[in-house]
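Right, one structure below, let's go through it.
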Amino acid sequence: KVYEGARDFKSMMEFADENIVPTCDALENIDLCDEETAAKIEEMKKTPLYLLNLEAYSLDIQLKQTELTFKQQLAIGEEAAVRYFLMLDVIKSRDADYDPEDDDDSEWGETEADDSEDEPEADVEEPAVDLDEPDADSEEPVVASDEITMDDPEAAPAAMPALPRVKGEL
């Protein structure tokens, strides 16, 4: 609770007497602790002093390492933030129309004029040769084969050029 009363001694003492209550601690007020905390305090009181000092030292090192790691991660985050805002400035300077608020996860550089996929292309010519029909001038129809061997290059499908034979082992 925050004291917002008068700044005289009597007013502050009245506030302290009414609002400040003792809390759990290992020295005087163990009876104010919850059962779990009281059990931990009793266990620590039975532990030899040198082991308590050793554990306290170990915890101190862990806290300092955690603080160092936190500061390193904070520095990395700050560096990334600075780099991000610099990049935004460069983007803004190079593309006057760029607005990060309008970014809809599309690639940068795309404009609405590029979105012509829905519009049909005008004057598209049909191919002169129907690929589904066999060539009328051809004497033999071309037969597609999944099985291609290197033993007889002449047996390769007509659509595939003959491969030169290589001497020796591959």
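Closest of all the heavy-atom pairs between Met12 and Arg7 is CE-O, 3.3 Å. The two residues Ala38 and Cys33 have their closest heavy-atom pair at N-CB, 4.1 Å. Between Asp34 and Thr37 the shortest heavy-atom distance is OD1-N, 2.9 Å.
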In a table with atom names and distances, give each donor-acceptor pair under 3.5 Å that connects a side chain of residues 20-30 to protein atoms at least two apart or in another chain.
{"from": "Asp25", "atom 1": "OD1", "to": "Leu27", "atom 2": "N", "distance (Å)": "2.9"}
{"from": "Asp25", "atom 1": "OD1", "to": "Glu28", "atom 2": "N", "distance (Å)": "2.8"}
{"from": "Asp25", "atom 1": "OD1", "to": "Asn29", "atom 2": "N", "distance (Å)": "3.3"}
{"from": "Asn29", "atom 1": "ND2", "to": "Thr23", "atom 2": "O", "distance (Å)": "3.4"}

### Task
Evaluate the criterion side chain to side chain contact (heavy atoms under 4.5 Å, CB included) for residue pair Lys64 and Asp60; output intermediate values, then yes/no.
CA-CA 6 Å; Lys64 287 179 181 176; Asp60 184 52; 3.3 Å; yes
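Residue Leu52 belongs to a hydrophobic cluster whose other members are Met44, with links defined by side-chain heavy atoms closer than 4.5 Å.
Listed by chain and residue number, Phe9, Asp17 satisfy the side-chain contact (heavy atoms from CB on, under 4.5 Å) test with Met13 (two or more places apart in sequence, or in another chain).
Remark: Lys45 NZ is packed, more than 12 non-hydrogen atoms of other residues, nucleotides or ligands lying under 6.0 Å away.
Side-chain atoms of Glu55 and Leu59, non-hydrogen and from C-beta on, do get closer than 4.5 Å to each other. Side-chain contact between Ile61 and Ser58: absent, with no pair of heavy atoms (C-beta onward) separated by less than 4.5 Å.
The line from CG of Leu88 to OH of Tyr84 is 4.0 Å long, rounded to the nearest 0.5 Å. Atoms OH and CD, on Tyr57 and Gln62 in that order, are 12.0 Å from each other to the nearest 0.5 Å. Going from atom CD of Glu78 over to atom CD1 of Ile76 covers 10.5 Å, rounded to the nearest 0.5 Å. With values rounded to the nearest 0.5 angstrom, Arg94 atom CZ is found 13.5 Å from Asp89 atom CG.
A salt bridge does not link Arg83 to Glu79: none of the charged side-chain nitrogens sits closer than 4.0 Å to a carboxylate oxygen. A salt bridge does not link Lys46 with Glu42: every distance from a Lys NZ or Arg NE/NH1/NH2 to an Asp or Glu carboxylate oxygen is 4.0 Å or more.
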